[in-house]
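Values reported hereafter were calculated over all heavy atoms of this structure, with side chains retained and with hydrogens, waters and symmetry mates removed.
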Amino acid sequence: MSDVLLVVVDAANVVGSVPDGWWRDRRGAAERLRDRLAVDGVPGRDGAVEIVLVVEGAARGVESVPGVRVESAVGSGDDRMVELVAEAGERPVLVVTADRELRRRVGELGAEVAGPRTVRP
């Protein structure tokens, strides 16, 4: 698994990138994103990927499904994503977020970063 790309998705940031009423049902919005990732994967990425969707706040407790592991952050979702990148070691990692500070933090650890449109139409 060490050569399989780890894709860490900032659920709150990706869901919040489109004003489609997600704020009325944050958990449902995270579940819809999870389900889309399970079906579509990461467009434009050839080869195997492991997708981890990090949820926080009202979206905590969203269940994993085949193809997408869901991590409910106990505290800050950003901190959990940084931990996941650090735990990956030399493994290639792509973090999907538009959050500038998070992009900086994971970039310093060697992760590639991409915006929400990478996984959301």
Side-chain angles (χ1 to χ4, degrees):
M1 273 290 268
S2 64
D3 59 342
V4 173
L5 176 65
L6 175 62
V7 180
V8 180
V9 180
D10 181 348
N13 191 268
V14 172
V15 164
S17 69
V18 177
D20 62 0
W22 58 264
W23 51 88
R24 290 188 292 270
D25 181 10
R26 293 170 194 261
R27 184 185 179 104
E31 289 171 340
R32 287 188 296 279
L33 174 58
R34 175 205 59 199
D35 295 346
R36 188 168 48 252
L37 289 168
V39 171
D40 297 340
V42 182
R45 294 289 172 159
D46 294 329
V49 298
E50 177 187 359
I51 301 173
V52 179
L53 181 67
V54 177
V55 297
E56 61 187 351
R60 279 191 196 104
V62 168
E63 298 291 326
S64 296
V65 296
V68 180
R69 184 174 96 226
V70 179
E71 289 269 335
S72 290
V74 175
S76 160
D78 289 4
D79 289 347
R80 182 63 189 130
M81 286 180 272
V82 170
E83 290 170 1
L84 288 167
V85 171
E87 292 166 3
E90 297 298 314
R91 184 176 179 189
V93 180
L94 170 66
V95 176
V96 179
T97 185
D99 183 297
R100 286 187 192 152
E101 178 61 14
L102 178 58
R103 291 170 73 100
R104 182 194 64 75
R105 290 174 67 192
V106 298
E108 287 176 353
L109 295 172
E112 179 184 353
V113 292
R117 288 187 196 156
T118 304
V119 297
R120 184 157 190 171

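Taking the charged nitrogens against the carboxylate oxygens, Arg91 and Glu50 do have a contact shorter than 4.0 Å, which makes a salt bridge. Residues Asp99 and Arg104 are not paired through a salt bridge, judged by the lack of any N-O separation under 4.0 Å between the basic side chain and the carboxylate. Using a 4.0 Å cut-off between charged nitrogen and carboxylate oxygen, Glu71 and Arg69 count as a salt-bridge pair. We find that Glu112 and Arg45 are joined by a salt bridge, their nearest charged nitrogen and carboxylate oxygen being less than 4.0 Å apart. Checked for salt-bridge contact, Glu56 and Arg60 miss the test: no charged N lies under 4.0 Å from a carboxylate O.
With rounding to the nearest 0.5 angstrom, the CZ atom of Arg34 is 8.5 Å from the CZ atom of Arg27. The line from CD of Glu101 to CG of Asp78 is 8.5 Å long, rounded to the nearest 0.5 Å.
Without hydrogens or angle criteria, Ser64 side chain to Val70 main chain gives a donor-acceptor distance under 3.5 Å. Judged by distance alone, with hydrogens and angles left aside, the side-chain atoms of Ser72 form no donor-acceptor pair with the main-chain N or O of Val55 at under 3.5 Å. Side chain of Arg103 to main chain of Ala98: no donor-acceptor pair is present (N/O by atom type, distance under 3.5 Å, no hydrogens or angles).
Side-chain contact between Val82 and Val106 is present, with heavy atoms from C-beta onward closer than 4.5 Å. Using a 4.5 Å cut-off on side-chain heavy atoms (C-beta onward), Val95 and Val85 make contact. Looking at Leu94 and Leu5, their side chains come closer than 4.5 Å, going by heavy atoms from C-beta outward. Side-chain contact between Ile51 and Val42 is present, with at least one heavy-atom pair separated by less than 4.5 Å. The shortest distance between side-chain heavy atoms of Leu53 and Leu37 falls below 4.5 Å.
Partners of Arg24 under the side chain to side chain donor-acceptor pair (under 3.5 Å) rule, at least two apart in sequence or in another chain, do not exist in this structure. In this structure, the salt bridge (charged side-chain N to carboxylate O under 4.0 Å, His left out) partners of Asp20, at least two apart in sequence or on a different chain, are Arg120. Here Glu87 pairs with Arg80, Glu83, Leu84 under the side-chain contact (heavy atoms from CB on, under 4.5 Å) rule; sequence neighbours left out.
Val65 and Val8 are members of different hydrophobic clusters when ILVMFWY side chains are connected at heavy-atom separations under 4.5 Å.
Within 6.0 Å of the CD atom in Glu108, the count of heavy atoms belonging to other residues, nucleotides or ligands exceeds 12.
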Worked check of side chain to side chain contact (heavy atoms under 4.5 Å, CB included) between Met81 and Thr97: CA-CA 10 Å; Met81 286 180 272; Thr97 185; 5.6 Å; no

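No option in Leu102, Val54, Val96 other than Leu102 meets the side chain to side chain contact (heavy atoms under 4.5 Å, CB included) test with Asp10.
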